[in-house]
Q: 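Take a look at the following structure, please.
All figures in this text were calculated on a predicted structure; none of them were measured in a lab. Chain identifiers are assigned alphabetically (A, B, ...) following the order of the sequence lines, protein sequences preceding nucleic acid strands; residue numbering begins at 1 within each chain.
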Protein chains: 2
Amino acid sequence: MASLTVENYIKTIFQVCLSGDGQAATGQLASALGVSPGTVTSMLKTLSESNLVTYTPYEGVRLTHAGNALALRVVRRHRLTELFLVKTLNMTWDEVHEEAEHMEHAVSDRLIDRIDEFLGRPEADPHGDPIPRSDGSFEIPASRTLAECGVGDKFRLSRVIDQSPEFLRFLSNSGLPLGTAGQVVANRIEAGIVTVSVEGQETTLGRAAAEKILVTPGR
Amino acid sequence: MASLTVENYIKTIFQVCLSGDGQAATGQLASALGVSPGTVTSMLKTLSESNLVTYTPYEGVRLTHAGNALALRVVRRHRLTELFLVKTLNMTWDEVHEEAEHMEHAVSDRLIDRIDEFLGRPEADPHGDPIPRSDGSFEIPASRTLAECGVGDKFRLSRVIDQSPEFLRFLSNSGLPLGTAGQVVANRIEAGIVTVSVEGQETTLGRAAAEKILVTPGR
DNA sequence: CAGGTAAATTAGGCTGGACTACAATTCCCA
DNA sequence: TGGGAATTGTAGTCCAGCCTAATTTACCTG
């Protein structure tokens, strides 16, 4: 049985690998986990001995098949927990991450499967993050960032990368919850802004914010 | 912030104290927690230094005010979690204890308060165990064991002490879920059995089983 | 009231997971 | 292409929790 610490390392390696070149560097893990680089190095050896990762000193770490499977289980627990809290208790998308961060290590896979069934086998969590399935399969739907859209593009807001409570609350307050349909009315690279129109209402976002929002082509 | 281990020690001390003379012995804690006696002794010193317990070597341990408050918070989290799982996912009373055992350390008090509200501030969990309130108050309703009832007594099944899945399933299968109303038709101390009638159906229990079932006077 | 037994404590040791300080490596640029 | 900066790795230390074995205490009974 993987310890809470091991699960967190594996999950973090998974996320860093996904958002980069498929490898995770010691320093990235150290800052993501809030521990010192030396601690990460020694843990990577441990994980390597457990055959959860392949580790090449001074180069990086990547998940083995077993490591990937564990990461997907942890991510699945996290995301289904988030959605469960939203659906049952009417919690908001900015509240659930913190709770799920702890609960993901405490709920059994059996319980998670029941939650999955109760929720009707959802594909995504409240932030639009795809949910790994119980058979270990995992697909990331195609999408692009709002910053990549051209003027006139119609879109549907499908996923939010920056999940800080502040950003999520900003989106809610701006009438931009998940699933929102809209159209890009301006995208000025020089000025670093993107303006969208949603139900007649225009909102302007900085480029950094627009890059944290994923969209699919709108209707 | 109390560690998972500390929370488990405090909760166990609480339970042992309640079911006995208000003190917990080292050996009782060791077997309840599944650790060696020596381990308990050293942990009791730690807890004592944190002012969660008062510890007298060779005599026993009892909770301080702070220790009692912590125990009630853990018990509250456990019991509300159990009821939440039963209400939302239709889990059965023999399934939820194990899950709650882990989740009680992972859910925040804020989340628990929302669950409490969602459930309508219930008084008892699926086994009839009373739920400590958020203000720290805690009352144990008066009751007696089925073994203490006399022939002819009408009762309502209010709480089950033995919460092993096997026993709970036995009760369910015997038509004796929580809340069942019935009447004692025999109580033979020499034979060590108690026979009850529920909706015309008679069931005979051993004395040990009858002592694990609490009842309130029926209508 | 002496001695045996059961329970509790002490002593010493181990492992997981963290730290700091220092050494090695890699990278990048002049 | 050499050298400094940034990144990694190594070594040694610490603490929480656990163990076993040896010792001490408390209690009970003859």
Q: Please determine if a side-chain N or O atom of Tyr9(B) lies less than 4.0 Å away from the OP1 or OP2 oxygen of dC18(D).
A: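 It does, given that an N or O in the side chain of Tyr9(B) lies less than 4.0 Å from OP1 or OP2 of dC18(D).
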
Q: In terms of heavy-atom contacts, does CZ of Arg188(A) have more than 12 from other residues, nucleotides or ligands at under 6.0 Å?
A: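 Atom CZ in Arg188(A) is not crowded, with 12 or fewer foreign heavy atoms closer than 6.0 Å.
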
Q: Let's see if you get this right: which residues in residues 37-58 of chain B place a heavy atom under 4.0 Å from DNA chain C?
A: Pro37(B), Gly38(B), Thr41(B), Lys45(B), Tyr55(B), Pro57(B), Tyr58(B)

Q: Taking the six-membered ring where the residue is Trp, are the ring centres of Phe14(B) and Tyr9(B) under 6.0 Å apart?
A: no

Q: What's the closest nucleotide to the Ala25(A) side chain, out of dT8(D), dG17(C), dC19(C)?
A: dT8(D)

Q: Specify the separation, in whole Å, of atom CD of Glu59(A) and atom C1' of dT8(D).
A: 13 Å

Q: Indicate yes or no for a side-chain donor-acceptor contact from Asp153(A) to the backbone of Gly150(A) under 3.5 Å, with no hydrogens or angles considered.
A: yes

Q: Which residue, Gly27(B) or Gly34(A), contacts DNA chain C at a nucleotide closer to its 5' end, judged by nearest heavy atom?
A: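 That would be Gly27(B).
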
Q: Grab the CG-P distance between Leu33(B) and dC18(D) for me, whole Å please.
A: 8 Å

Q: Looking at every non-hydrogen atom in both residues, tell me the closest pair between Glu7(A) and Glu104(A) and how far apart they are.
A: OE1-O, 4.2 Å

Q: Determine whether the aromatic ring centres of His105(A) and His102(B) lie less than 6.0 Å apart.
A: no

Q: Hey, is the side chain of Ser36(B) poking within less than 4.0 Å of OP1 or OP2 on dC18(D), counting only N and O atoms?
A: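 Negative; the distance criterion is not met.
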
Q: Quick one: Leu29(A) CG to dA18(C) P, roughly how many Å, whole number?
A: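 Atom CG in Leu29(A) sits about 13 Å away from atom P in dA18(C).
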
Q: Measure across Asp162(A) and Leu168(A) and return the closest heavy-atom pair with its distance rounded to 0.1 Å.
A: O-CD2, 4.0 Å

Q: What's the CD-P distance between Gln23(A) and dT26(C), to the nearest Å?
A: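 Those two atoms, CD and P, are 14 Å apart.
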
